[in-house]
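One structure is given below, encoded as structure tokens.
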Amino acid sequence: MKLVNTISEIKSIISLQKQKGTTIGFVPTMGALHEGHLSLVRRAKTECDIVVTSIFVNPSQFNDPNDLKKYPRTLESDLELLEKEQCELVFAPTEMEISGSEKPDVSQYDFGPLESVMEGKFRPGHFKGVAYIVHSLFEIITPDKAYFGEKDFQQLTIIHELVKKYELPVEIIHCSTVRESDGLAMSSRNINLSEEERKTALLLSSSLYRAKDLSNSLSPLKVKDQIIKELQSEIQLQLEYFDIVDSEKLNPINEWNESYHVRACISAYVGNTRLIDNMRLIP
Ligand code: AMP
């Protein structure tokens, strides 16, 4: 496994590989790697000749400077984990290497309602920053396939739009959310949870499973109201949103309809840690 920090070096390695007809799988991450990230790397290993994993905590997607400051950074153990997975290349640039000394202009990335609902409502500008870094990394790495987790479902929707809008020659592969055995979605942010908070955090996944159950007997609006009512009675958790949306346009839905996929999406603070999760409800 080779660790590369500069754009010029990674580009020249990839260009040599491409001349040999090698296919490139790409896994963009912000580090603090866990089984969720590694599942993406494993999938990429089975479908591509070589795998590039990037590790870059992208400032332009953080609307809260404190959140950026406390985001976990564990480069050494990340490299050990990637080595074990036999990832061929790790690209870990500095902020200076990616954006220079100027704050990047992310205003060109406009996804309309897709970026203003759910996460977008609570993290204004977040998806512009995500689109900026993913577009930049795609241009540097030029992958054949790029792997993203359904854990960040709205992000996946935005990435599809990005690829369509800029006609990027890359296939986007969805990977299922990896959960702890009790249902908690794996997240780099889980490290920041105390033992007590870790228990409270289970309310996110359990409310999604419960919504799935309730969807057999109640309308989407009733399911949503019921779950919100239940979560608002939990004082250790501060709910931001619980929405039931169609998987493509992320519009709230009023009735169950077999002709499109439906997701329930949730975000909440447990203590100072902001967590998100989502689950497919139907079909
Ligand atoms: P992050 O480092 O949080 O930016 O995540 C990098 C990639 O890993 C994104 O595509 C995430 O959706 C994906 N990911 C994060 N957590 C999980 C998980 N529990 N299961 C599957 N994929 C995940």
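Whatever order the structure lists ligands and atoms in, that order sets their numbers, starting from 1.
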Problem set entry | Residues Tyr147 and His174: side-chain donor-acceptor under 3.5 angstrom |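 Looking only at side-chain atoms, His174 and Tyr147 do not form any donor-acceptor pair under 3.5 Å.
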For this session: Determine whether the side chains of Arg280 and Ser247 contain a donor N or O and an acceptor N or O closer than 3.5 Å.
Result: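 There is no such pair (donor and acceptor under 3.5 Å, judged by atom type) between the side chains of Arg280 and Ser247.
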Starting from [atom], locate the nearest protein heavy atom and write down its residue, its atom name and how far away it is, to 0.1 Å.
atom                    : answer
atom 20 (N) of ligand 1 : Val178 N, 2.8 Å
atom 10 (O) of ligand 1 : Gly149 N, 2.9 Å
atom 5 (O) of ligand 1  : His37 NE2, 3.4 Å
atom 12 (O) of ligand 1 : Asp152 OD2, 2.6 Å
atom 16 (N) of ligand 1 : His34 CE1, 3.3 Å
atom 21 (C) of ligand 1 : Ser176 O, 3.4 Å
atom 4 (O) of ligand 1  : Met30 CG, 3.6 Å
atom 7 (C) of ligand 1  : Pro28 O, 3.7 Å

Exercise. Does the ring of Phe91 carry Lys2 above it, NZ/CZ under 6.0 angstrom from centre and within 45° of its axis?
Worked result: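 No, Lys2 does not lie over the aromatic ring of Phe91.
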Exercise. Counting heavy atoms only, which part of Tyr71 comes closer than 4.0 Å to ligand 1: side chain, backbone, both or neither?
Worked result: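 Contact part for Tyr71 vs ligand 1: side chain (C-beta onward).
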Exercise. With a 4.0 Å heavy-atom cut-off (strictly under), which part of Leu40 contacts ligand 1: side chain, backbone, both or neither?
Worked result: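 For Leu40, only side-chain atoms sit under 4.0 Å from ligand 1.
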Exercise. Does any N/O atom on Met186 come nearer than 3.5 Å to any N/O atom on ligand 1?
Worked result: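 Yes, Met186 has an N/O under 3.5 Å of an N/O on ligand 1.
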Determine whether a donor-acceptor pair (N or O, by modelled atom type, separation under 3.5 Å) exists between the side chain of [X] and the backbone of [Y].
X      : Y      : answer
Asp152 : Gln155 : no
Asp144 : Thr23  : no
Asp277 : Leu184 : no

Exercise. Relative to each other, are the rings of Tyr109 and His135 parallel, tilted or perpendicular (30° and 60° limits)?
Worked result: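 Ring orientation, 0 to 90° scale: perpendicular.
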Exercise. With the threshold set at 4.0 Å, does a side-chain nitrogen-carboxylate oxygen contact exist between Asp67 and Arg123?
Worked result: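 Here Asp67 pairs with Arg123 in a salt bridge, since their nearest N and O are under 4.0 Å apart.
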